[in-house]
2 protein chains.
Amino acid sequence: MSRRSGILEFAVLGLLRESPMHGYELRKRLNTSLGVFRAFSYGSLYPCLKTLVANGWLIEESGAAGEALAPLAGRRAKIVYRLTADGKEHFEELLSQTGPDAYEDEHFAARFAFFGQTSRDVRMRVLEGRRSRLEERLEKMRASLARTRERLDDYTLELQRHGMESVEREVRWLNELIESERAGRDQQRSASDGSAQQNSTSGESGVLPRRRGSTPPPDASDDTSK
Amino acid sequence: MSRRSGILEFAVLGLLRESPMHGYELRKRLNTSLGVFRAFSYGSLYPCLKTLVANGWLIEESGAAGEALAPLAGRRAKIVYRLTADGKEHFEELLSQTGPDAYEDEHFAARFAFFGQTSRDVRMRVLEGRRSRLEERLEKMRASLARTRERLDDYTLELQRHGMESVEREVRWLNELIESERAGRDQQRSASDGSAQQNSTSGESGVLPRRRGSTPPPDASDDTSK
DNA sequence: TTCGTCATGTAATGGGTTACATGATTAC
DNA sequence: GTAATCATGTAACCCATTACATGACGAA
């Protein structure tokens, strides 16, 4: 009992906002949508779904169908979960919180995965919050390292160094993202004060610059399990 | 009850192998020795110490002193923990395990922090294991991305991309480390079969190439807490 | 005298996993 | 027919955190 969570709950609401799904499929989506291999087991997912239903944020729909392109009637009776109006409202409230909680590792990744569903304002606050959180971290690490450098052996030191560089790298990433958001905002601003110009939906939506993305072997099964 | 752990237990044994300590100090060392800010609270540390004592791996020494340079007798009665012979043996056994467990994130970081206390053979096996573990991960991520690319929005995709690059970066790091180890091994080998030459202790110890390390503000307090 | 930090602990709670139980459907 | 995968769940456990309780010591 009391199987609530925070991030799992949040992610489930977010995924169901896009479209109704049943548990089994949700679990797979959780593993791909959220950052690097954040997997959840059924042992936490199903109970979580129950409590979300109990809170009135989801409703169960016993009917089959569900999948796009599901042609045949047959299949098995699944429980399809759909977001209620309350659920949607709740999710949007969670998504718009820009407090310190949103800067922590797991939390931040989850927020980021649903950035497309919130405003640029919120995005920028969260990105900047995350960045300063990491910079605090770096300060502490540097200070701690300066104090203990002599006492630590080579491998510990190397671990420390690699860890710091990872954090520094994330800060650079955040800088790029913040730049992107700022650029999008300025563009939007100049478009609206220079009277209505061309352009379609460059307003609140994502404006990430496309990148090279490796796409080698188009194959393999969908699992994330052992 | 039953507060055993795995990584905490392991790290405590490892730190106490270097020198006896009391709980409070141990907690601080845990936060700096292990990777990027892996903190443990007293709520897990103290119970862990108790079970380690119960297993005969540690003994409590009630005496004060302890700290190097602790001049005055005064102070308060601390419980200093010292590794027993059994404890040392147990730790070394744990340290020499090269099974798949040692390739997981947290586990690997902990192992790495104590690499200086094990053989080059073990180090190489663990590094290579970790690397292939990450490469499997990359395979799955690439495959999953290839399948779902269209369905995912920009931010989710960006999160995925950044995650993958982080993993790729760690693989490069491992490659460097493995190279270092290999170089050290070869050097040792050629030294021993070309009859005994100069050289002192280049045998089993760490052979990491020294790097540039930032050391800006030499200051700040020791905590890791909020 | 009051505040920070040293120092040790416990109880309640949180948030997850593993292993188990069950069964239908599909692919070979 | 038998293996894999789809599909839903529960009970037992694991490993940690938070908040609480207690108290000594040094410095302002």
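Given the structure is predicted, the values throughout are model-derived calculations rather than measurements. Convention: sequence-line order gives letters A, B, ...; per-chain numbering from 1.
- Out of D/dA7, D/dA16, C/dT8, the shortest distance to the side chain of A/Tyr46 is found at D/dA7.
- Panel note: side chain B/Ser132, backbone B/Gly129; a donor-acceptor pair is recorded below 3.5 Å.
- Checked by atom type, the side-chain pair A/Ser166/B/Arg169 shows a donor-acceptor distance below 3.5 Å.
- Checking D/dT8, C/dT10, C/dT18 against every side-chain atom of A/His22, the shortest atom distance belongs to D/dT8.
- Across D/dA7, C/dT8, D/dC6, the shortest atom-to-atom separation from the side chain of A/Lys28 is found for D/dC6.
- Residue whose closest nucleotide on DNA chain C sits further toward the 5' end, between B/Leu49 and A/Tyr42: B/Leu49.
- In terms of modelled atom types and a separation under 3.5 Å, the side chain of B/Thr156 and the main chain of A/Ala113 share a donor-acceptor contact.
- Closest to the A/Leu8 side chain, of the nucleotides D/dT5, C/dG16, C/dC6, is C/dG16.
- No contact: B/Phe10 has no heavy atom under 4.0 Å from any strand.
- Distance, A/Asp105 CG to D/dA16 P: 17 Å, rounded to whole Å.
- The side chain of A/Arg38 contributes an N or O atom lying less than 4.0 Å from OP1 or OP2 of C/dG16.
- Nucleotide C/dG15 holds its P atom 9 Å from the CD atom of A/Glu9, rounded to whole Å.
- As a whole-Å value, the separation of A/Arg27 CZ from C/dT18 P is 10 Å.
- Atom NE2 in A/His107 sits roughly 17 Å away from atom P in D/dT17 (whole-Å rounding).
- Under the 3.5 Å distance criterion, the side-chain polar atoms of A/Arg130 are left unmatched by any main-chain donor or acceptor of A/Ala102.
- OP1 or OP2 of D/dT17 lies within a sub-4.0 Å distance of a side-chain N or O belonging to B/Ser44.
- B/Met21 has its CE atom 16 Å from the C1' atom of C/dC6, to the nearest Å.
- Relative to the side chain of B/Lys78, the nucleotides D/dT8, C/dG16, C/dT8 differ in distance, and C/dT8 lies closest.
- Within 6.0 Å of CD in B/Glu136 there are more than 12 heavy atoms belonging to other residues, nucleotides or ligands.
- The nearest heavy atom of DNA chain C to B/Glu60 and to B/Tyr24 marks one nucleotide each, and the one closer to the 5' end goes with B/Tyr24.
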